[in-house]
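Both ligands and their constituent atoms are indexed starting at 1 by order of listing.
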Amino acid sequence: MSGVRILENEPGRRLKVFAPGKVNLLLRVGERPPNQPRHELLTVFQGLDLGEYLTVEPRDADETDVVHTVLAPGLTGPKNLDGPGNLALKAIQALRVNGAKVPPTSIKVEKNIPVAGGMAGGSADAAGVLYAANALYQLGFTLAELQSLGAKLGADVPFGLTGGNALGLGFGDKMLSLPGGTKCYWVLAVFPRGLSTPKVFGAFDRLIPDPQPLPATLSPDFVAALDGDVAELAGYLHNDLQAAALDIFPELSQVITAAEQAGALKAVVSGSGPTIAALCPDAPSQENVAARLGAHPLIARVFSAAGPARGDTTDSESASFNQ
Ligand code: ATP
């Protein structure tokens, strides 16, 4: 099963896909092994029906790869977002480096995931492009191969290719599918500016120089709650990076409090922030929380979203979690 879904397909000419954004239901940050730039993580991702729409088309042989991003109203991004550092362009190059014959390619990104918002928008774009180019140009990579080359582009790319609920271990390279019967109603509150992920990890290192070793696996009660009551699941929401994000941007706590006062079961910082993800018990309370946060002076835009979102179900290669 893939997290990316094909929406329109003109074989050989144009492919449009949906790539899901994510929230982390659980984000535990472990030690940084010696000589490793990154901390070990244990995280539970949930794919959302809020995500990116990507259209991939071949260009003439004498042209170059291009990306053009159209931001949804209320979202902002850096001026050079469509420059050579864009992960969508890097995904095309990664396919070539791995031996694929990929023509110059044009990518249009209709962006709904806030830039530097802790919802893995860049990773979703990379996952979507890997999946779309593989299908459009009939490159023949398996989902597992796309995940392994995607992990080198960004820690959240393998999840973008998995979708649903998934357990991520290690440095984003190990991914196991989790059950996902419980429908989650989310409100995502987006701020006018992003937070740099390395800065948030820097604050984490200052605040917690000696993190606890990570548990070897997930508690069975947590796994059961993914198929159980949403209020019970809300009790398991936790983010080790929240204190670090709040240290840099203390006003985030006002939005968390406002969401919970408006009826959210629990609100947390999403990933490395600053987006606040508020889990609601049902659609009416989701509407209520969205209205309250939409009127909050710190917030640029709210989105309502549902999870877990799954994509194409034609592949069945992702490994599953076994207790
Ligand atoms: P994560 O949670 O994976 O750390 P994030 O959601 O906080 O990421 P992104 O929006 O994925 O942040 O990207 C962070 C930075 O990466 C941006 O500041 C931007 O300059 C750069 N970037 C490169 N490609 C992309 C892309 N396709 N979309 C968004 N940002 C991109």
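- Taking all atoms of both residues into account, the shortest heavy-atom contact from Val230 to Lys183 is CG2-O, 4.1 Å.
- Below 4.0 Å from some heavy atom of Asp125 lie the following atoms of ligand 1, by number and element: 26 (C), 27 (N), 28 (N).
- Listed by number with element, the atoms of ligand 1 under 4.0 angstrom from any heavy atom of Lys111 are 28 (N), 29 (C).
- Dense packing is recorded around CD of Glu10, with more than 12 heavy atoms of other residues, nucleotides or ligands lying under 6.0 Å away.
- Looking at Glu63, its side chain does come within 3.5 Å of a backbone N or O of Asp60 through a donor-acceptor pair.
- Of the protein's heavy atoms, none falls inside 4.0 Å of atom 21 (C) of ligand 1.
- Phe141 pairs by the ring-ring contact (aromatic ring centres under 6.0 Å, His included) definition with nothing, not counting sequence neighbours.
- Every atom of ligand 1 is numbered from 1 in the order shown, and the set under 4.0 Å from a heavy atom of Gly121 is 6 (O), 11 (O).
- Scanning the protein heavy atoms around atom 3 (O) of ligand 1, the nearest turns out to be Asp156 OD2, 2.9 Å.
- The nearest heavy-atom contact from the protein to atom 24 (N) of ligand 1 is Leu87 N, 2.9 Å.
- The shortest N or O to N or O distance between Ala88 and ligand 1 is not under 3.5 Å.
- The two residues Glu232 and Ala225 come nearest to each other via the heavy atoms OE2-CB, 4.1 Å.
- Counting only heavy atoms of the protein, atom 30 (N) of ligand 1 lies nearest to Leu81 CD1, 3.7 Å.
- For the residue pair Leu130 and Leu146, the shortest heavy atom distance occurs at CD1-O, 3.8 Å.
- For ligand 1, the atoms lying closer than 4.0 Å to a non-hydrogen atom of Gly85 are 23 (C), 24 (N).
- Residue Lys90 places every heavy atom at 4.0 Å or more from ligand 1.
- Contact between Val289 and Ala278 at its shortest, heavy atoms only, is CG1-CB, 4.2 Å.
- Scanning all protein heavy atoms for the shortest distance to atom 7 (O) of ligand 1 gives Gly118 N, 2.9 Å.
- For ligand 1, the polar-atom distance check against Gly122 finds a nitrogen or oxygen pair separated by under 3.5 Å.
- Note: Phe204 and His39 have perpendicular aromatic rings, judged against thresholds of 30 and 60 degrees for the angle between ring planes.
- Ligand 1 has a nitrogen or oxygen under 3.5 angstrom from a nitrogen or oxygen of Met119.
- Across all non-hydrogen atoms, the minimal contact from Trp186 to Ala306 is CD1-C, 4.5 Å.
- In terms of N/O distances under 3.5 Å, ligand 1 is not approached by Leu195.
- Here the heavy atom of the protein found nearest to atom 10 (O) of ligand 1 is Ala116 N, 2.8 Å.
- In this structure, Thr69 contributes its side chain and Val109 its backbone to no donor-acceptor pair below 3.5 Å.
- The closest side-chain donor-acceptor pair between Gln147 and Thr162 falls under 3.5 angstrom.
- For atom 17 (C) of ligand 1, the nearest protein heavy atom lies closer than 4.0 Å.
- The closest approach between any non-hydrogen atom of Gly271 and ligand 1 is not below 4.0 Å.
- In terms of modelled atom types and a separation under 3.5 Å, the side chain of Lys266 and the main chain of Leu237 share a donor-acceptor contact.
- Closest protein heavy atom to atom 6 (O) of ligand 1: Ala120 N, 2.8 Å.
- Of the protein's non-hydrogen atoms, the one nearest atom 4 (O) of ligand 1 is Thr197 OG1, 2.8 Å.
- Remark: ligand 1 and Pro78 share no N or O pair separated by less than 3.5 Å (distance only, no angle test).
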